[in-house]
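Notes to accompany the following structure.
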Number of protein chains: 2
Amino acid sequence: MSGISDVARLAGVSKATASRALTGNGYVSAETRAKVQDAARALDYVASSNAASLVTGRTRNIGVIMPSVTRWFLAEVLEGIQDALLDHGLDLTLYDSRPGTTGRARIFDDFLARKRFDGLIAVGLEPQDNEIERLQAIDRPMISVVGDANDPGTISIDDRDAGRRATEHLIGLGHRHIAFIGGTEPHWAHWDRRRLEGYMSAMADAGLAEYARHIECDITLPGGYAASVDFLGDTKRRPTGLVCACDEVAIGAIIAARRLGIQVPSDLSVVGVDDHEFADVFSLTTLAQLPREQGMTAVELLLRHIADPSAPVPSVALPARLIVRSSTGPVDRASSAIEAGTRPR
Amino acid sequence: MSGISDVARLAGVSKATASRALTGNGYVSAETRAKVQDAARALDYVASSNAASLVTGRTRNIGVIMPSVTRWFLAEVLEGIQDALLDHGLDLTLYDSRPGTTGRARIFDDFLARKRFDGLIAVGLEPQDNEIERLQAIDRPMISVVGDANDPGTISIDDRDAGRRATEHLIGLGHRHIAFIGGTEPHWAHWDRRRLEGYMSAMADAGLAEYARHIECDITLPGGYAASVDFLGDTKRRPTGLVCACDEVAIGAIIAARRLGIQVPSDLSVVGVDDHEFADVFSLTTLAQLPREQGMTAVELLLRHIADPSAPVPSVALPARLIVRSSTGPVDRASSAIEAGTRPR
DNA sequence: TTGAAAGCGGTACCAA
DNA sequence: TTGGTACCGCTTTCAA
């Protein structure tokens, strides 16, 4: 393992000049630069990042904190972040902090305080009470993916709008009995709450507030499946349209419907949010978001913020794009038990 | 930001003593230790890991390199690794190196050479030609998850055995026309090749070699779906049993079967390998592996190796556990087109 | 059991 | 444009 002194010696210059030639900071003649670079290559020189960080205060490392890596959306964002960081030559330190684990507590109490990163990206974090203080105490540039676009440094889709447009899509197909599925009281996230609000306002605007109904479930495929098996079994109250908090829940609902012999979309239309990698296989109509791009955007915003901490940090609210597949279709009033009990308009 | 000198001053001791008290290396009286710890707490002292690493050569950071984080198995292993590392107070640097990307090339050419980690865990990496040399050049302890258990420092299930037992399960149910689905020529991984071998040997041992058939597909849910729609459509040649390279492929096959009106398991029995989080929702019979445990085991092996580099590094081959759900059942000879053309034994 | 002092491997200031 | 040198913050001899 040769150090910069070895490189300097071989190139016949001082350590200082070697450093300047290699980092590109300060004046070096083209000639000496070439000499130094040759020497470095000959010795397979790799700078010690510890030594460099110690004096510059820069780690060339970005921390990413998220509540899981096993959810499709989060994993996609993570890959977008990784790609962008690799392009910039920056390392990625992962803090996978599942709510309620001792690991999460340690991350907030110890790991973040070490500040082994120049900046932090929080993805879908939903910090609880004292975690927020910890985050603020870190005193490092930070960007959030998923969250309230009114907060500075937040990248997300307009969740309220997504919920609204998913609902309007079904209303446009003639549905009135439309339910929303997703979210449970202890575990509400910012985004599913917003999507529910969008659903509610679309229903209200269409004069369908009395038909609005919210079914709680875990925001996972098995969660959506379990809840759907329950409420779809009740034939009398079964809605004809279903707005789902996300695609994983929607796919769970579709699987449940099949198991119960309910045809999608003739008996039940289902719309999700995400454009999950499985959405196509399930022919799922959905409001697509691009998590990978969100991750890459987060990196760009963060690096800009690090480069110029005094500049205001923008937020980015991306629109979701409606992709119509065949899990939604016009309501079939004749064959619907719930419509049979409703007076026609 | 106070440093160790501040702590030392406040505690009324020297830097050296403060360091000893805080790190636990060297003799310090219980009394001074307490004094130093109090001072550290009072000042919210956090040691600079750069400074410490510079002198000790230890980074207290582990690198994890894997070809993706969006596959269920890999994400689960990653969370197992993260949990174990958090327990030990170690950071995790992620190198997500998707095959064929420029990012992957950079990881192998630049990032790994920086050695910003005390050890490396490679998960399902399948390094290609020159990548292997790069890996060896790193000269840091390394453990592999997924791979050949004959190589030292490898954790995996016995893939051959898993393929064999999945096949034997179907044979035991009376199936003879059993196909294997998964793996395509350019992208063979070590594990799906081994599972195919297990399938082949089970077929041969049961005298069913003539019925063996291998269907190629991408090792993903959409890949399994697409291939299945194709080959299940050919009623005359349709097998009654299907051994899948992994659960994602198996679930894709089940979805394809449903779409084609093929009943599972009465028309087609499907068995996978993994016990994916969706396996239960699809009632999938599978050979379960525990990726989270594999990740945690990898950390333990790696830390032991780092602590004592001269000790031999063991390998761990875990057995997969058969979980029978309702995607497999006895063959129904009467209703099977393919069986109709076969003489009974 | 403690303190003084020498680095770890770079960067950046200042003078030449 | 280059070289000498102090120093980043900590650990670790070595001597007391």
Side-chain angles (χ1 to χ4, degrees), chain A residues 1-40 43-61 89 91 110 113-118 139-140, chain B residues 1-40 43-61 89 91 110 113-118 139-140:
Chain A
M1 271 277 305
S2 40
I4 200 168
S5 327
D6 302 307
V7 174
R9 198 176 314 124
L10 181 61
V13 298
S14 70
K15 266 172 63 180
T17 304
S19 172
R20 280 188 291 255
L22 262 14
T23 61
N25 294 3
Y27 300 104
V28 186
S29 72
E31 194 185 3
T32 26
R33 164 166 294 121
K35 263 195 315 193
V36 172
Q37 285 171 340
D38 288 347
L43 296 173
D44 276 330
Y45 169 73
V46 179
S48 153
S49 41
N50 281 319
S53 295
L54 186 55
V55 43
T56 61
R58 284 272 132 102
T59 62
R60 302 202 53 74
N61 183 45
D91 272 350
D110 306 339
R114 291 187 203 153
K115 307 187 194 187
R116 296 178 70 156
F117 40 77
D118 297 332
D139 187 37
R140 283 274 185 286
Chain B
M1 270 277 306
S2 40
I4 199 168
S5 327
D6 303 305
V7 174
R9 197 176 313 121
L10 181 59
V13 298
S14 70
K15 269 171 59 180
T17 303
S19 172
R20 280 188 289 253
L22 262 14
T23 61
N25 294 2
Y27 300 103
V28 186
S29 72
E31 193 186 3
T32 29
R33 162 164 296 120
K35 263 196 315 197
V36 173
Q37 286 171 339
D38 288 347
L43 295 172
D44 275 332
Y45 169 74
V46 179
S48 153
S49 41
N50 281 318
S53 295
L54 186 55
V55 41
T56 60
R58 283 275 135 100
T59 62
R60 302 202 55 75
N61 183 45
D91 271 351
D110 305 339
R114 292 186 202 154
K115 307 187 194 187
R116 296 179 73 158
F117 40 78
D118 297 331
D139 188 34
R140 283 273 185 287

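Letters A, B, ... are given to chains in the order of the sequence lines, protein chains preceding strands, and every chain is numbered from 1. Given the structure is predicted, the values throughout are model-derived calculations rather than measurements.
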**Study point:** Length of the line joining A:R33:CZ and D:dT1:P, which is rounded to integer Å
**Key:** 10 Å
**Study point:** Value in whole Å for how far the C1' atom of D:dC8 lies from CG of B:D6
**Key:** 14 Å
Practice item. State whether B:Y27 places a side-chain N or O below 4.0 Å from either non-bridging phosphate oxygen (OP1 or OP2) of C:dG3. Key: no
Review point. What is the distance, rounded to the nearest whole Å, between atom CG of A:L22 and atom P of C:dA12?
Key: 13 Å
Point to revise | Phosphate contact (C:dT11 OP1 or OP2) by A:S19 side-chain N/O below 4.0 Å | key: yes
Review point. Does C:dT2 have OP1 or OP2 sitting under 4.0 Å from an N or O in the side chain of B:T32?
Key: yes
Exercise for review: Compare the minimum distances between each of D:dG9, D:dC10, C:dG10 and the side chain of A:A52, then state the nucleotide with the smallest one.
Suggested key: C:dG10
Study note, to complete from the structure: From CZ of A:R60 across to P of C:dG9 the rounded distance in Å is 21 Å
Practice item. Identify which nucleotide among D:dT11, D:dG9, C:dG10 has an atom closest to any side-chain atom of B:S48, counting heavy atoms from C-beta outward. Key: D:dG9
Check your understanding: Side chains of B:R114 and A:R60: does their closest heavy-atom pair fall under 4.5 Å?
Key -> no
Check your understanding: Can you tell if the side chain of A:V46 reaches within under 4.5 Å of the side chain of B:K115, non-hydrogen atoms only?
Key -> no
Practice item. Check the distance between D:dT13's C1' and B:N25's CG and give it to me in whole angstrom. Key: 13 Å
Check your understanding: Rounded to whole angstroms, how far apart are CG on A:L54 and P on C:dT11?
Key -> 11 Å
Review point. Does B:T59 offer a backbone N or O that forms a donor-acceptor pair with the side chain of B:D118 under 3.5 Å?
Key: yes
Check your understanding: Do side-chain atoms of A:S53 reach the backbone of B:N50 as a donor and acceptor pair under 3.5 angstrom?
Key -> no
Point to revise | Separation of atom CZ in A:R58 from atom P in D:dG9, rounded to whole Å | key: 15 Å
Study note, to complete from the structure: When B:V28 and A:A18 are each assigned the nearest nucleotide of DNA chain C, the 5'-most assignment goes to B:V28
Review point. Does the pair A:Q37 and A:L22 meet the rule for a side-chain contact (heavy atoms from CB on, under 4.5 Å), with working shown?
Key: CA-CA 7 Å; A:Q37 285 171 340; A:L22 262 14; 4.2 Å; yes
Study note, to complete from the structure: A:Y45 has its side chain closest, among D:dT11, C:dG10, D:dG4, to C:dG10
Review point. Can you tell me if the side-chain N/O atoms of B:S29 get under 4.0 Å from OP1 or OP2 in C:dT2?
Key: yes
Exercise for review: State which of D:dT11, C:dA12, C:dG3 makes the closest approach to the side chain of B:T17.
Suggested key: C:dG3
Exercise for review: State which of C:dT11, D:dT12, D:dC10 makes the closest approach to the side chain of B:I4.
Suggested key: D:dC10
Exercise for review: Could you check which of D:dG9, C:dA12, C:dG10 has an atom nearest any side-chain atom of A:T56?
Suggested key: C:dA12
Check your understanding: Is there a donor and acceptor pair closer than 3.5 Å between the side chain of A:K15 and the base of C:dG10?
Key -> yes
Point to revise | Phosphate-side-chain proximity, B:N50 and D:dC10, N/O vs OP1/OP2 below 4.0 Å | key: no
Are there any protein N/O atoms within less than 3.5 Å of an N/O atom in nucleotides 13-16 of chain C, and if so, which ones and at what distance?
| from | atom 1 | to | atom 2 | distance (Å) |
| --- | --- | --- | --- | --- |
| C:dC13 | N4 | A:R20 | NH1 | 3.4 |

Check your understanding: Over how many whole Å does the gap from B:K35 atom NZ to C:dT2 atom C1' extend?
Key -> 11 Å
Check your understanding: Checking A:N61 side chain against A:R116 main chain: does a donor-acceptor pair fall under 3.5 Å?
Key -> yes
Review point. What nucleic acid atoms does B:T23 come within less than 4.0 Å of, heavy atoms only: base, sugar-phosphate, or nothing?
Key: sugar-phosphate
Practice item. Identify whether the distance between the nearest side-chain nitrogen and carboxylate oxygen of A:D6 and A:R9 falls below 4.0 Å. Key: yes
Practice item. For residues A:V36 and A:V7, report the shortest heavy-atom separation together with the two atoms involved. Key: O-CG1, 3.8 Å
